[in-house]
Amino acid sequence: MAPERPTGKINFFTKLKQHLKPVSSRYPSRSPSPNPTSESPITQQEQQWNAIKDYGTTAWKTMETALRFLEKNADGFPPLKTAVSTLVTCLDLAKNVIGNQEEYAKLANEFKDMANTLAPYASKLAASDEGSIALILKSIDEELAEIKRQLERGKFKRTVEATDDQDDILVRYRKIDSLFRRLLTDVTVRTHVEIGKLREATEATLLRTLAPVDDARYNSAYSTAVKRRGCTTSTREQILDDLRTWVLDPKGSKVFWMNGMAGTGKTTIMYSFCEWLEENKRLAGNFFCNRASTSCRDLSNIVRSVAYQLAHYSPAFRSQLCRILEEKQNPHTLNIGEQFKWIVEKPFQDSKDAIPDGAAIVIDGLDECDNVSATALFLKVLLQYSAHLPIKFIIASRPEPVILKNMQTPNFSPSVLRLHDIEQSFVEADIKQYLREALRTMSPVPSSDVINQLTRRSGKLFIYAATAARYINPEDKVVNSKTRLDSILGMSSSSASLQEQELDSLYTTILLSAFDKTCLEKGELKILDLVLRTVVCAIEPMTTSTMSTILALRRGDVVSALSRLQSVLHVQEGLSGLVSVLHASFPDFLCDKDRSRDFYCDIAEHNITLTHSCFDVMCQELHFNICDLESSYDFDEDVPELEQKIKANISTPLLYACKYWSRHLAHCDLTSSIHYRLVEFLKFRFLFWMEVLNLTKSISTGSQMLSSTLAWFISKAPEHAFKETEKELYDAELFVKMFSLGACKKSTPHIYISALPFCFKSSSVYQNYWSKTSGLMEIGGTSLDRQRNGLIGAWKTHPDNAGAVAFSPDASIFAAGYKDRVNIREVQSGEIIFSSLLEDRARVMSLAFSPDNSKIATLAENRDIWVWDIQTANLIGTLWNEQGRLGRTPSLVFSCDSNKLASYSHSVSTMVVWNLSSCRVLSGPFETKDLGSDGSFTFTRDDSKILFVQSDLNNAGMVHVFDVRTGSDVAVPFKALAVSGNSLDSTAISPDTTMVAGGDSRGMIYVSNMHSRTIIHHSFVGHRTSVSALAFSRDGKKLVSGSKDGTIRIWEVGTGNLVAGPFEGHLATIHSLALSSDGTKLLSSVSGEGVRLWDVFANDTNLAPPCQSIASSVYVVAWSPDCTTIASGQNSGLNSDSDGTVAVWNAHNGEFVIGPFYCQSPILAIAFSPDSSRISAGTMDGTVTSWDLKTGEMVFQGHSGRGSWPPCSIAYSPDGSIMVYDLFVWNCSTGEMIGKVRDHDSDAESIPLSLDSNRLVLGAGEGESVYVWDVASRQFSLCPIRTQYRSEIVSVACSLDRTKFVSGFRHGTISVHNITTGEVPARRRRFGSFEAPGESFLKSVTFSGDGTKIISAYASTNSAFRDHNPIYIFDAETGDNLVRITGHTDTVTSLAVSPDGSRFVSGSLDKSLRIWQLDALLQKSPTIWMNGLEGVRVPNVLEIPNLVTRYEADGWVVRDNLHVFWTSPEFREDLCFPYNPITIGPHGSTCIDYSTSKLFIGRMWSNCWIYGREDSTVNEEVE
């Protein structure tokens, strides 16, 4: 009987033909009768057998044809061609010896289908003897060799004798089929991605963006430098054999951890294991960490280096990785968790079937990475993903606590080998073999007894044996080996630690020999000591050349000193050779006073030396424009041959000093000399230092360096001492932060061209460096006088986004929720480190960080709750909140122990508490009373109860206390906030749950103590509209409030005093607020605007004193007849509850003159008296008031007796005796109402007017009501002047020559008439036949001084053009459009021309005034926005500033693709535009001279530094 059909894998290519019926699993072991003429009846079983045989014959022929075709297509890939040829031969041998013909037929069909499918792609398989393809082909060859061996043994027999052989051959064929299918999977995956593309160049470019660390490969050139090598032959065999067994075991653990104390030979074993893996095509990647190399000890480099190697190991993996690199922006720059997910785990998901079994990634020396938290995160990510990856990992390290803790994570069991626990005899045998090999070239060769002594002294520490061998018998120099051997054998142990005593004795002996006082001069000993300590204390390894520069020594002296230390240090050959310690145990020994004794390295003491050395190097080499950049118009990335310039001009010692002076400083005490050098650096070389950091792409570390230096300085400086230096550091840190967070960092010259001119004048940076420059933009005004709490970063969002925000507890990152995602950014750099799309693109209503800084939770509009692990960026779970509609204010809060999460829903009045370990409901849902759609809730400190504060109208300030387990009330609800008759628009509970705060619609804020139930403050007065958001600081001492008017304030809870703010810049209701735990940063968000990051100054001396500015929207403006001042009327709104103010400003510099004058009703009109001595304002309630501009006293007030709406204007007679407002006429001397202009029809919508001599021009109604009224006769001299426009008249104005007037209609038409006859000028045509964006409404119109031009302002009704808000200038005679101007960010409401006709002022709802130079604008006078610079065409004046110059969202002012200058987001609203030299806004006044005559920009930029190379020193000694 034939053997049972073996169980094979499922046929992935095709199934057997449907006509082949299933038969018995057993068949006769012999063939049918050999006599074809036999008349014996043929049984049914025999018929089936013959059918199968015939089918098998057909299947073989078809299969052979397919395989031969595949063989031919593999001509370009010999390994595949050979494998297919051998397969054909073996199958041919097997067809007559395999008893089970049905299985053979199946096999033939499977191979046929495989061959037909693979043949077209055979040429796409990489012809390489490395990687996954090579391993697959190697495995095929091995299987075929065994099959051929068995078949050759039975080739003369009809069948293979043993049933086991038959089964084994079929199983092997199945495995071959499986291996070919892996090839097919590989090429199919790649082909699917690569069709129609030229991939090789693209993939190579994409992969290099990963920036792999080549030095970290086990056999790199650097490995030679640090003398990394494999095990001596015949040593560590048992360990290596165990590792081979583990990697080949498909059921073995995914992670192997080999640990051991320093010196046990971990790296040597890993080296040998990598050699074996590579030889057997199983080395998928490796990374050998080394604390002596900056790149090799940076843990963030591991993942991307391994991914790069994996891409070369597996073509299928490479295709998937490149696809991700193309689709996702720089995933390799994210945090380690996100890196691993995007560039390792996700490519594996779609290529795992192409990865052969038994491939491994090796990571050695994980304990040598310099960031403990990053190490913990890496292990956490690796252990989480490893179980699902088609590859194994082996990690070697010391058993450091952070590694040990993660390796002992519950539910994870790696394979573990502890080298220091291996039996002594096994280790001794290997060390003995190593010593024999290392010392065999000595003469005489050490005896067995000597080798045994050295072996005993080594114990289990291979590093002892290696160090002793290098000392006794060095390879690169001649020494007296016998003397050195005797000194080691004769030394005694003195260390207290038995485990370290032999190693300590060895190191001591080596150092005694190096510091031999009998053969070295005192100076040589000093140099030797200095060099040794520098190697140990260096932040990253130095070259001999760098070290000589840093230490101010001759390179020959450094090389000579190092030559005496080569047993413990390694020096690469050549000038670029790095100097490093040979083993981590040596610095450990040297920095432990009890162990090293006379050779002890005092870290603090030597870092003082290195700090001075760094300052010395910077003093000698830093200078202005260090890389000779030619033009300030270019971004650094566009500078030709910049890398060569950097290499030529920034020496390695200088770069080391610039990057690490603060790290060395951190170990020092604050001595007078250190203080002196620090101040000298800040005053004279700070900007040059920024150049180096920015050019080497290290600027983001600059603010961190200064921040840590400031913290060090405060901790070291005596109380109340050196406050000036503290301010210098604070200002410098802020300057770098503003530069590095913005797009200004794209161009290094703009440290001077943009960052310095726009720096606050009170900043130490400005004061230190402005006098050293010339030809930069002069920026005056009060807006930059003093530092203020200000914006340092802004990120826009989609108009529909809500933008909930939160800081992490450690204030290092912050999160923002949007319509469809949550983004986490780094506070220092502003870069996104995590971004996750939400399902259904649901709006994020709320988010929160857990108190232990390990998780972040978001509550989406679709009721889903998402919880992520912050460190790994992995989703912990999705919690389905089946609670119906959410309220306006979302309800989500972590427990204090971070293990629970509570959510509340208003619609069904339920609360749920979740267990985050299981992502299941811990308790609830609890039905509660209707607590309203808004409110705040939190856990109590012991997590046993939940507090909820209501905000709705009937129960505002009511506090409820619920039991976490049962949801029941554990206390009678009580009123914590005494708010009567008002609901609360916002509430907040302090972190310690002792206080509650609430803000109402009137702008009032209340704070109460919940324990004593007493009011702390009845109100915090400051906001004038609804308080929309509140948040306590972490310590509960401060309260942050945001308002509907877009302002933010910070209050001191204990006193109720305003301690910071108002922060202004948002244009709509504040949605969410967060204050960092250290109180120095503030986050805010506004729906449709985005998220803003603000600096909150802790140092009161850095705060700007209150300056007069514009706090509300500007509705009306006026220019005084004497040309010296401008007046503006601001309103908080246009309703009966709003109020207004009038302020007067200097027309020449924008500075505040007098005011503000307050009105209890919105201001609709203002006007100066003809002698400029008074300002008058008319309000919505019909009141008109005048103030004396010298004394500020009110000198007149009248009331019309009716509310003045629609808006009116104020007009004085030329002699100032008469004033008209609201159609009433007053005698200005007596205050008596002397008349009234005729009543208008009831349908009148507006009544703008202009008074010229004794004639009053006014308009009202729908297109037919323009009047001229004679003041003397009190009769209409022209009544009415008919127009053809059925539209509301919104503005009228008279020319200064008193011959004509202009009227503007809401729909945009402008009409000009003779003031005497009412006739239209002969050449006049209808204005408005110009192109305007969207459907524009006219808001204001006026004449130029000479009456030849008409200036008009428009507001767009099209939301896409809301930010245009254009001002047009027309020819008054022809109506031709002369100029279109933009600059305001909101509607321009009013215009006024200076009496001399040279300028005009515009007022806007964006809370600003802008003064424009009318003459210069019309004369096309050049500015840096337009002309006068190389390669820039002269534009038509109509293009100003829209086409030639544009202000980009990232702050750059760009002209014809040249980057002129940059401003911070904070200064955007204060920026002056072309022909707009003065702006007055929320931060005060700004004056900018854009004249090109004296500016050094573009190719002239390098002339701006008037001191050239700066070698100055501080003139006065710093105490």
Side-chain angles (χ1 to χ4, degrees), residues 679 682-684 686-687 690 706 723-739 741-742 744 750-792 1060-1061 1063-1065 1094-1110 1145-1146 1148-1153 1408 1411 1451 1461-1472 1476-1491 1494-1497 1504-1507:
V679 173
L682 293 171
K683 286 184 178 294
F684 293 98
F686 169 68
L687 296 186
M690 284 184 63
L706 291 167
K723 287 298 180 182
E724 183 60 30
T725 306
E726 184 178 332
K727 181 180 183 300
E728 293 252 8
L729 284 167
Y730 194 97
D731 290 344
E733 191 263 341
L734 182 63
F735 187 86
V736 175
K737 185 187 302 177
M738 292 287 290
F739 180 81
L741 275 177
C744 195
H750 285 267
I751 294 172
Y752 308 90
I753 303 301
S754 298
L756 186 59
F758 285 99
C759 181
F760 290 98
K761 305 302 180 284
S762 61
S763 168
S764 302
V765 177
Y766 183 88
Q767 294 170 358
N768 289 335
Y769 291 95
W770 184 251
S771 62
K772 297 177 175 64
T773 63
S774 176
L776 299 178
M777 285 187 295
E778 295 277 355
I779 303 173
T782 59
S783 63
L784 288 177
D785 277 354
R786 293 288 303 274
Q787 187 70 55
R788 58 177 180 268
N789 295 298
L791 184 67
I792 56 175
F1063 298 87
E1064 297 175 315
W1094 310 79
D1095 226 352
V1096 181
F1097 299 133
N1099 188 344
D1100 292 340
T1101 62
N1102 286 335
L1103 291 175
C1107 69
Q1108 298 296 339
S1109 60
I1110 298 176
W1145 315 89
N1146 188 303
H1148 300 293
N1149 58 27
E1151 292 183 1
F1152 178 75
V1153 174
S1408 76
I1411 297 175
F1461 66 89
W1462 177 88
T1463 64
S1464 67
E1466 178 190 28
F1467 202 77
R1468 166 65 178 87
E1469 57 197 7
D1470 297 297
L1471 182 66
C1472 297
N1476 162 215
I1478 300 175
T1479 297
I1480 308 169
H1483 298 135
S1485 61
T1486 304
C1487 304
I1488 304 180
D1489 180 7
Y1490 288 122
S1491 169
K1494 61 178 181 179
L1495 294 184
F1496 293 134
I1497 60 175
C1504 73
W1505 188 259
I1506 61 178
Y1507 284 91

About how many Å separate [atom2] of [Y] and [atom1] of [X], when rounded to the nearest 0.5 Å?
X	Y	atom1	atom2	result
S771	I1506	OG	CD1	7.0 Å
M738	E733	CE	CD	11.5 Å
I779	I1488	CD1	CD1	4.5 Å
I1480	S1408	CD1	OG	9.0 Å
C1487	E778	SG	CD	11.5 Å

May I ask you to test the [X]-[Y] pair for a side-chain heavy-atom distance under 4.5 Å?
X	Y	answer
L729	L682	yes
Y766	F760	no
E724	S764	yes
L734	D1095	yes
L784	T1486	no
L776	L1495	no
F686	E728	no
V736	L706	yes

[X] to [Y] - nearest heavy-atom pair and separation:
X	Y	answer
A755	F739	CB-CD1, 4.1 Å
W1462	S754	N-OG, 2.8 Å
N1146	V1153	N-CG2, 3.3 Å
I753	M777	O-CE, 4.1 Å
F1496	S774	CD1-O, 3.3 Å

For the pair [X] (side chain) and [Y] (backbone), establish whether a donor and an acceptor sit closer than 3.5 Å, ignoring hydrogens and angles.
X	Y	value
S783	S1485	yes
N1476	I1411	yes
S1109	P1482	yes

>> Let's go through Y769 and L756 carefully: what are the C-alpha distance in whole Å and the side-chain angles of both, what is the deciding distance for side chain to side chain contact (heavy atoms under 4.5 Å, CB included) to 0.1 Å, and is it a yes or a no?
In response: CA-CA 8 Å; Y769 291 95; L756 186 59; 4.2 Å; yes
> So N768 and L687, side chain to side chain contact (heavy atoms under 4.5 Å, CB included) or not? Walk me through it.
Replying inline: CA-CA 10 Å; N768 289 335; L687 296 186; over 6 Å; no
> Is there a side chain to side chain donor-acceptor pair (under 3.5 Å) between D731 and Q767 once you walk through the steps?
Replying inline: CA-CA 11 Å; D731 290 344; Q767 294 170 358; over 6 Å; no
>> Does the structure place the NZ or CZ of K727 under 6.0 Å from the centre of the six-membered ring of Y730, at an angle of no more than 45° from the ring's axis?
In response: no
>> Applying ring-ring contact (aromatic ring centres under 6.0 Å, His included), can you list everything that pairs with F758, at least two apart in sequence or on another chain?
In response: F1461, F1467
> Run the side chain to side chain contact (heavy atoms under 4.5 Å, CB included) check on W770 and K761 step by step: do they pass?
Replying inline: CA-CA 9 Å; W770 184 251; K761 305 302 180 284; over 6 Å; no
